[in-house]
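Structure first, then comments.
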Amino acid sequence: MTVRRLMALPLLGLLLSGCGIRATQVPTDFGPAPSRVPCSLAGPDVATQSSHGVPVQVFLLCEASLVTVDRTVPVPDGTGDARRRVIVAQGLLDQLAAAPSAAERSAGYTTYVPGGLSVSGPGPKDPEDTLRLSTPLSRLTSYALAQVVCTLSDSAATEGDGSVILAGPAPDTPHRYACTDDVRSRPGHNEPPSSEAPGKA
């Protein structure tokens, strides 16, 4: 009996060594490897940038949050401060309304800002930093409003304090809107907080 057991040991070793080979026959299909991490671009997207203009950032939607992407806005040399603010603001609105590039779309970026928006400076009794849009802000979706507020409040079109004074066409009353962490993280659920901006006497 002992001899038989000893003779069986090499055979048992062969069977055990073969288990590794046999295991590879079990299906292990976990789907294709992801080609790109959501909301992550491999590098600068040259298709959306220009060699001429002021470097800016705009907020797009990705994974239901606001994320920044780099853009440029053309501004003529020698433009005065007041006019420069409006030119930059208009360029930012145009960039927000433009369809994301192929690379951005594949990474999950999108925008809710409608095309055709125009912007002008303050009216006679508005605060001097007011930007008036060509459509009432109430007609923008919560996502679009968050994109506009966060993009403009973090740009050369404003004072750089994290807020922006916006209004629709006259006689809409200007309000100061702020881009908060809650707005950036959940723009569909948290509208930018606002307060009425006192006008000129």
Side-chain angles (χ1 to χ4, degrees), residues 48 50 53-62 64-76 79-100 104 109-200:
T48 61
S50 169
V54 177
V56 296
Q57 289 187 321
V58 299
F59 282 85
L60 300 183
L61 269 293
C62 192
S65 298
L66 292 179
V67 292
T68 57
V69 296
D70 295 327
R71 294 285 193 270
T72 56
V73 172
V75 178
T79 304
D81 289 344
R83 181 59 183 158
R84 180 186 179 90
R85 291 179 57 252
V86 174
I87 291 176
V88 171
Q90 184 64 62
L92 291 170
L93 291 179
D94 293 342
Q95 292 286 352
L96 285 173
E104 290 167 349
Y109 290 73
T110 188
T111 183
Y112 283 81
V113 177
L117 282 179
S118 61
V119 62
S120 60
K125 294 186 178 181
D126 293 341
E128 63 179 0
D129 294 324
T130 301
L131 294 171
R132 284 191 172 271
L133 304 186
S134 57
T135 188
L137 275 64
S138 59
R139 293 186 182 177
L140 298 177
T141 67
S142 59
Y143 287 113
L145 180 61
Q147 284 184 260
V148 169
V149 168
C150 287
T151 296
L152 293 177
S153 66
D154 191 36
S155 74
T158 57
E159 297 177 344
D161 62 353
S163 68
V164 57
I165 301 177
L166 292 174
D172 278 7
T173 301
H175 284 71
R176 183 179 291 276
Y177 293 83
C179 178
T180 63
D181 290 338
D182 287 340
V183 172
R184 287 190 290 268
S185 62
R186 301 186 69 193
H189 298 81
N190 299 292
E191 289 197 354
S194 65
S195 59
E196 187 171 334
K200 299 175 183 178

From [X] [atom1] over to [Y] [atom2], what is the distance, rounded to the nearest 0.5 angstrom?
{"X": "Glu104", "Y": "Thr111", "atom1": "CD", "atom2": "OG1", "result": "10.0 Å"}
{"X": "Ile165", "Y": "Ser153", "atom1": "CD1", "atom2": "OG", "result": "12.0 Å"}
{"X": "Leu92", "Y": "Gln147", "atom1": "CG", "atom2": "CD", "result": "12.0 Å"}

Residue pair [X] / [Y]: nearest heavy atoms and the distance that separates them:
{"X": "Pro192", "Y": "Ala146", "result": "CG-CA, 4.0 Å"}
{"X": "Tyr112", "Y": "Ala144", "result": "O-CB, 3.5 Å"}
{"X": "Pro100", "Y": "Tyr109", "result": "CG-O, 3.8 Å"}
{"X": "Pro193", "Y": "Thr180", "result": "CG-CG2, 3.8 Å"}
{"X": "Pro127", "Y": "Pro198", "result": "CG-O, 3.1 Å"}
{"X": "Pro187", "Y": "Leu61", "result": "CG-CD1, 3.7 Å"}

Residue pair [X] / [Y], side-chain heavy-atom distance below 4.5 Å:
{"X": "Leu60", "Y": "Thr110", "result": "no"}
{"X": "Leu117", "Y": "Thr135", "result": "yes"}
{"X": "Arg132", "Y": "Pro174", "result": "yes"}
{"X": "Asp172", "Y": "Pro136", "result": "yes"}
{"X": "Leu133", "Y": "Ser118", "result": "no"}
{"X": "Ser138", "Y": "Leu145", "result": "no"}
{"X": "Asn190", "Y": "Arg184", "result": "no"}
{"X": "His175", "Y": "Thr173", "result": "yes"}

With distance as the sole test, does [X] use its side chain to make a donor-acceptor pair with the main-chain N or O of [Y] at under 3.5 Å?
{"X": "Arg186", "Y": "Asp181", "result": "no"}
{"X": "Thr151", "Y": "Phe59", "result": "yes"}
{"X": "Ser65", "Y": "Ser185", "result": "yes"}
{"X": "Arg85", "Y": "Asp129", "result": "yes"}
{"X": "Gln95", "Y": "Thr72", "result": "yes"}

TODO: Among residues two or more places apart or on two chains, list those pairs meeting disulfide bond (SG atoms under 2.5 Å apart) that have a residue in residues 122-186.
DONE: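 Sorted pair list: Cys150-Cys179.
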
Open item on the list: Exactly one of Thr130, Val119, Leu131 should register a side chain to side chain contact (heavy atoms under 4.5 Å, CB included) with Leu166. Which one does?
Closed with: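 So, applying the side chain to side chain contact (heavy atoms under 4.5 Å, CB included) to Leu166 and each of Thr130, Val119, Leu131, only Leu131 qualifies.
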
Task: Pair Ser163-Arg176, side chain to side chain donor-acceptor pair (under 3.5 Å): steps then yes or no - done: CA-CA 6 Å; Ser163 68; Arg176 183 179 291 276; 2.8 Å; yes

TODO: Begin from the C-alpha positions of Leu152 and Tyr177 and carry the test side chain to side chain contact (heavy atoms under 4.5 Å, CB included) through to its verdict.
DONE: CA-CA 10 Å; Leu152 293 177; Tyr177 293 83; over 6 Å; no

